[in-house]
There are 2 protein chains.
Amino acid sequence: MSYKIKSRIWIEANNNVLLGEGRVQLLKAIQNTGSLSKAAKSLNLSYKKAWQLLDSINKSAKKPVTINSIGGKGGGGAQITEYGILLIGVFDEINKNCWSFLDEQLEKIKDL
Amino acid sequence: MSYKIKSRIWIEANNNVLLGEGRVQLLKAIQNTGSLSKAAKSLNLSYKKAWQLLDSINKSAKKPVTINSIGGKGGGGAQITEYGILLIGVFDEINKNCWSFLDEQLEKIKDL
DNA sequence: TAACGTTATGTATTTACAAATATAACGTAT
DNA sequence: ATACGTTATATTTGTAAATACATAACGTTA
């Protein structure tokens, strides 16, 4: 059994976490379902936890990442903004590149 | 205020954590002091926590990372093995390279 | 106007983790 | 033999985080 390298990256703004893997997963679920409550259910996450995450994201980001509405057709919902889509894409790209980078570094340690 | 990328890397063996930043710091403190208890004090870490970390390291590694002795001159002590020194060096190198890598990736997001 | 499914928020409970405390075992040195 | 400083381990206590539960506010729809 050889050693493995694991990693976590995240983006911060003003010493607050903006995006990590879990937050990106939540935003993608909102994108797929159109609502925060449905997104939370699909991730086996309590609504409150999901709301706190989304609130933290929108407070940390320079521009809104979602537009949330209360009441109306379907009770309301949450929509990812264009800016949000951009952030998700950049995070995924950087994260993927990081994996590739560490995969190269693995050569230095796997046979120790 | 522009966004920042933060990261954590660690080495695993058999799905157990072998080395992360905290563990490497502990090993270096043992190297400097010659004992686990002194290392713990120097890091403001409880002895128990330090012992648990060191125990986990030695149980995860393929070869011993420290040699611990009870009793005798000075009451005993802990010594880093050559293998341990090797692991510390490789971890530090990979970690440093990862910072550099993410510093380049930062260009993609800092102006968003 | 009553019902519905959301967002938004408060409060209590449970769980997990960290910290503190205590003590045994050990092998030199006095 | 006694003292000392260390490794090793168990037990208790305290604190922070996650979870569960409850409820208000809202704007369409029927």
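Atoms considered below: every heavy atom in the structure, side chains included; atoms not considered: hydrogens, waters and symmetry mates. Chain A is the first sequence line, chain B the second, and so forth, proteins listed ahead of strands; every chain is numbered from 1.
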(Q) Categorize B/Ser37 for me: base, sugar-phosphate, or nothing, with a 4.0 angstrom heavy-atom threshold over every strand shown. (A) sugar-phosphate
Q: Give one of base, sugar-phosphate or nothing for B/Ser35, where a contact means two heavy atoms less than 4.0 Å apart.
A: sugar-phosphate
Q: Taking only heavy atoms on the protein side, list every residue of residues 67-87 of chain A lying under 4.0 Å from any atom of DNA chain D, sorted numerically.
A: A/Ile70, A/Gly71, A/Gly72, A/Lys73
Q) In whole Å, what is the span from the NZ atom of A/Lys38 to the C1' atom of C/dT7? A) 13 Å
Q. Tell me: CG of A/Asn44 to P of D/dA20, nearest whole Å?
A. 10 Å
Q) Can you tell me how far P of D/dT7 sits from CG of B/Leu54, to the nearest Å? A) 9 Å
Q. Just checking, is any N or O donor in the side chain of A/Asn14 or A/Ser60 under 3.5 Å from an acceptor N or O on the other one?
A. no
Q: Look at atom CD of B/Glu21 and say whether more than 12 heavy atoms of other residues, nucleotides or ligands are closer to it than 6.0 Å.
A: yes
Q: Figure out the CD/C1' separation between B/Gln52 and D/dA8, and round it to whole Å.
A: 11 Å
(Q) Output the rounded distance in Å from NZ (B/Lys49) to P (D/dG14). (A) 20 Å
Q. Within the structure shown, what part of the strands sits under 4.0 Å from A/Lys48 by heavy-atom distance: base, sugar-phosphate, or nothing?
A. base
Q: Tell me, yes or no, whether the heavy-atom count around B/Gln52 atom CD, taken from other residues, nucleotides or ligands under 6.0 Å, exceeds 12.
A: yes
Q.
Output the rounded distance in Å from CG (A/Leu53) to P (C/dA8).
A. 14 Å
Q | A/Lys59 atom NZ, over 12 foreign heavy atoms within 6.0 Å | A | no
Q | Contacts of B/Tyr83 that satisfy side-chain hydrogen bond (donor to acceptor under 3.5 Å, both in side chains) - sequence neighbours left out | A | A/Tyr3
Q.
Hydrophobic clusters here meaning ILVMFWY residues chained together by side-chain heavy-atom distances under 4.5 Å, can you tell me if B/Ile109 and A/Phe101 are in one?
A. yes
When the side chains of residues 24-32 of chain A are checked against the rest of the protein, which donor-acceptor pairs come out under 3.5 Å, sequence neighbours left out?
unit_1, atom_1, unit_2, atom_2, d
A/Lys28, NZ, A/Asp92, OD2, 2.8
A/Asn32, ND2, A/Lys28, O, 3.3

Q | Nearest-Å distance for atom pair CD1/C1', residues B/Ile30 and D/dA8 | A | 14 Å
Q: Take the protein atom OH of B/Tyr47 and the nucleotide atom C1' of C/dA22, then report the distance between them rounded to whole Å.
A: 14 Å
Q) Does a side-chain N or O from B/Trp51 land closer than 4.0 Å to OP1 or OP2 of D/dA8, or not? A) yes
